[in-house]
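A short write-up of the structure that comes next.
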Amino acid sequence: MSTTTVLIVVAIFVVATVLLGALPFVHRARQRRSGPAPPHTPVAVSPPPAQRADEPVAAKAPSPATFASGLASSRRTLRDRLASISRRRPDETTWEGLEEALLGADVGVTTTMATLERLRTTAADQGIVDAGELVHALAEGMRTALDADRSLRAIAPEREGATPVWLFVGVNGVGKTTTIGKVGARLSAQGQSVVMAAGDTFRAAATDQLQTWADRCGAELISGSSGADPSSVVHDAVSAAAARGADVVLADTAGRLQNRKNLMDELAKVRRVADREPGAVAETLLVIDATTGQNGLSQARAFAEATDVTGVVLTKLDGSAKGGIVFAIESELGLPVKLVGLGEGPDDLVDFDPDSYVEALLGVDAD
Amino acid sequence: MFDTLTDRLSGTLQGLRGRGRMRPADVDEALAEIRLALLEADVNVAVVRRFLERVRERSVGGEVTASLTPGQQVTKIVNDELIGILGTSPLDIQFASKPPTVVLLAGLQGAGKTTAAAKLAQWCKSQGRNPLLVGADLQRPAAVEQLRTLARSIDVEVWSQAGEASESGDTGDPVACAAGGLAHARQAGRDVLIVDTAGRLAVDAELMTEVAHISDAVEPHYTFLVVDSMVGQDAVATAEAFHSTLEVDGIILTKLDGDARGGAALSVAEVVGRPVAFASVGEKIDDFEQFHPDRMASRILGMGDVMTLIEKAERVYEQDEAEAAAQRLVEGTFTLDDFVDQLRQLRKMGNLQSIVSMMPGVSDQVRNAEIDDDRITTAEAIVLSMTPAERVSPEIIDASRRARIAAGSGTSSAQVSNLLKQFTQMRKMMGGMMGLGSKRRPAGRKAARKRSKGAGRAGGSRTGGGGRATPKGGSRASKPSGKPSVADIDWDALDLKLPGR
Ligand SMILES: Nc1nc2c(ncn2[C@@H]2O[C@H](COP(=O)(O)OP(=O)(O)OP(=O)(O)O)[C@@H](O)[C@H]2O)c(=O)[nH]1
Ligand SMILES: Nc1nc2c(ncn2[C@@H]2O[C@H](COP(=O)(O)OP(=O)(O)OP(=O)(O)O)[C@@H](O)[C@H]2O)c(=O)[nH]1
Ligand SMILES: [Mg+2]
Ligand SMILES: [Mg+2]
């Protein structure tokens, strides 16, 4: 590496330091002063294997079949375990099985530990000696934790005259636009007149995508030009809807990662503008993809802070993912899960039902 | 609330490093910590179990190296295993000797396939190739239009059959579409063919069969599974299904600009046994880079990702300018003008968050802090509102000048003085690196570190022994003036850790 390259790194380093408003890099040096020198562990890097593209690549890691069978069997044992424990007294293996079931469904370490802690108390209190009873107690406990009010608000509270707006928010690619299409189809079928707002002015062809959905369910689409200010598009849609006496505005927004502060500020503004006369935000629905891991909690926190989320839509539950993160989101943050997406068609939308959700998550029947 | 995987592992392992001897109980303690860290990072439970088994086996079961302490050994084993899973080297893309090189992208709905297809096309162009994109997603509303819009911005042709089909409700045949794309690429002399497919669930047998047919029709040289870095436990089941259907060659990991800990990368790489080939780090076409597994492992172990940083910098910086700026930096003549210059360069490198995450030795606090590109704009506005004299000698800025600058830049006086304070601090820090500061540290510690690192740092002019070389002792420091030079930088004070060095 040339001296120049190192210098460039130094320069970046320094500028970034200034920007960060801190001198974090002395932090470690200072820490070190108090302890012995840390070893520098050499990292062995083998040269890239010569590989021709037009040749099939030789397997260099565990073959999929082995892992496949390994995983399938581990999944089966999980189910078997849950089934067989009903015939056994609960022991540590039982608890480990339950822990793996929850962790494997993306419930998350913290929520899993808290849930099992409560279950231990319940089990002790009620003197549960049968493992099958334990599983039922777990399912029961989870259902009780999901006790939020999940009704959808057709109108904004205390804003009776205003045109209700449902705002859809979430990170990239979770299913916001598709969910709007499905909700539009449902409301239209109920005889409501629906206006859609193409608030995603950023992503390529986002408006065309929503247009297709609007056409499918006979809703009217209000859009701006690509790159337009999303707040003004939403405002235009609300005004148009009010003028026409539409029943509801479904507002799409661009996907954004919650660590992008400027984009979250933009979203907060969209919500403020949508809530202005003649409109009133009745629902702000955070869309969460069922495959999402622990990042979902961070998404829920950030979006709730920016936009006052009133409910969660859990999409893609028709796949193999269990969507356990919304259990953590509802039970820890109190955000009710209201709708569930079960496919890509207009009818693939159902109301969230705690009972069947918990059953599917634990892979057991209720009774 | 949660620490990042990087922080957790480096925290645990730093604890281990501090101890001279390690008992089996220590191993278990470390493994328990590592387990939690990996689970919180979304590594699949089964993958975690296997990972820990291997680490325990290797930690307890021998491989005793005389030169390493037990703590160092566990560090090394965890590192080796991480790299072992992620792949030992970057996937080296070889273009087919008989073009076109066919690339197939597949994955779950919303993973980032269409965006990645366009990014990959742009990447191929940067490699001097002439790609054709195929829009074989005839299912999702406006999927082809999305691809066309992206392709237009990079001036790449798109082949598809959508349009006529979507009107009638019949979505068209993606297999025929892909085959048509291949024929067209041959005819038009395109040397790379990138096929975007519809998102599909691993449990959807019909659609999995369809993608297998697409694959048969185009016989891809590379099949990439596109994986969202926010995915949790299901990553394994999905990757397994796609791999058994398509024989995946590599992974494209997307949305890495987020704050997800990305354990899915480990899970998927383990299942598929193929490396992560590319990392997608934003929504813009250029937010895309070749993935370097060893660097990712270094990053996981808290060593920063200096290599990627350097590569990015090299693409953006003018060598002469950079050298001149760096020279002024070490001489202490770095002005606010230089600073703004650097800001602009930095902006070209991508978003701040991803740059910071690659920096070595960044504290947990900073890594988790919300860093927003607006900071660059604000800082730039402030400096641009200063007079040339003020930019050279910021000391002359008093309260009234500060108020003027704040008004001119649309900021507050406090923001202006904050920036100035940090700028001064930075200059001081550079002074410290110039050797003035090295006296503060015990010589023995430095000597030990130097020995452990060996020679081979850039410049290479430092002599061993206690303390840093005096200008007279160093081979480079022949300048009689005592004027500081680049070679005098005290690298230890900077604490730049270069992996593999
Ligand atoms: N299987 C399944 N796919 C879904 C579901 N909901 C959405 N999708 C698919 O997920 C993909 C992304 O959906 P979009 O509606 O475009 O997601 P989005 O959040 O609007 O995305 P951006 O606007 O790009 O951030 C599309 O392919 C949808 O068809 C669902 O419930 N099940
Ligand atoms: N922040 C960020 N967003 C990304 C990245 N890659 C893709 N996206 C966004 O993620 C969303 C989905 O991307 P697409 O490329 O449409 O995903 P897809 O896999 O083609 O989706 P389907 O075709 O519906 O299955 C879009 O909003 C993209 O802009 C990335 O690396 N970072
Ligand atoms: Mg959308
Ligand atoms: Mg797509």
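Sequence lines set the chain letters: A, B, ... in the order given, protein chains first and strands last, and positions in each chain run from 1.
- Only the side chain of A/Gln299 has a heavy atom closer than 4.5 Å to any heavy atom of chain B.
- Judged purely by atom type and a 3.5 angstrom limit, A/Asp106 has no side-chain atom pairing as donor or acceptor with the backbone of B/Gly232.
- With sequence neighbours excluded, no residue satisfies side chain to side chain donor-acceptor pair (under 3.5 Å) with B/Glu145.
- Residue A/Val174 does not touch chain B at all, counting heavy-atom pairs closer than 4.5 Å.
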- request: Please step through side-chain contact (heavy atoms from CB on, under 4.5 Å) for the pair B/Lys255 and A/Asn172, ending with a clear verdict.
  value: CA-CA 8 Å; B/Lys255 307 179 199 175; A/Asn172 306 77; 4.2 Å; yes

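- With A/Asp208 contributing its side chain and B/Ala142 its backbone, the two residues share no donor-acceptor pair below 3.5 Å.
- Heavy atoms closer than 4.5 Å to chain B are found nowhere in A/Asp215, neither backbone nor side chain.
- A pairwise comparison of heavy atoms in B/Leu39 and A/Gln294 identifies O-CG, 4.4 Å as the closest pair.
- With values rounded to the nearest 0.5 angstrom, A/Thr177 atom OG1 is found 7.0 Å from B/Arg140 atom CZ.
- Between A/Arg216 and B/Pro141, the closest side-chain pair of non-hydrogen atoms falls below 4.5 Å.
- Of the residues listed (A/Glu99, A/Glu96, A/Glu100), the one engaging B/Arg49 in a salt bridge (Lys or Arg N to Asp or Glu O under 4.0 Å) is A/Glu100, and it is the only one.
- Taking CZ of A/Arg203 as the reference point, atom OG1 of B/Thr149 lies at 9.5 Å (rounded to 0.5 Å).
- Only the side chain of B/Val203 comes within less than 4.5 Å of a heavy atom of chain A; its backbone N, CA, C and O stay farther away.
- In this structure, B/Thr238 and A/Ser320 have side chains that are in contact, with non-hydrogen atoms separated by less than 4.5 Å.
- Here CD of B/Glu283 is found 8.5 Å from CZ of A/Arg260. Values are rounded to the nearest 0.5 Å.
- Residues B/Gln146 and A/Gln209 fail the side-chain proximity criterion, which asks for heavy atoms closer than 4.5 Å.
- Side-chain contact of B/Gln109 with A/Glu344: a donor-acceptor pair under 3.5 Å is present, judged by distance alone.
- Ranking A/Gly175, A/Ala205, A/Gly181, A/Ala290 against chain B, the residue ahead of the rest is A/Ala205, based on heavy-atom pairs under 4.5 Å.
- Shown here are the side chain to side chain donor-acceptor pair (under 3.5 Å) partners of A/Asp289, two or more places apart in sequence or in another chain: A/Thr291, A/Lys316.
- In this structure, chain A has a heavy atom under 4.5 Å from the side chain of B/Leu108, while its backbone stays farther away.
- Looking at B/Val231 and A/Thr292, their side chains never come closer than 4.5 Å, going by heavy atoms from C-beta outward.
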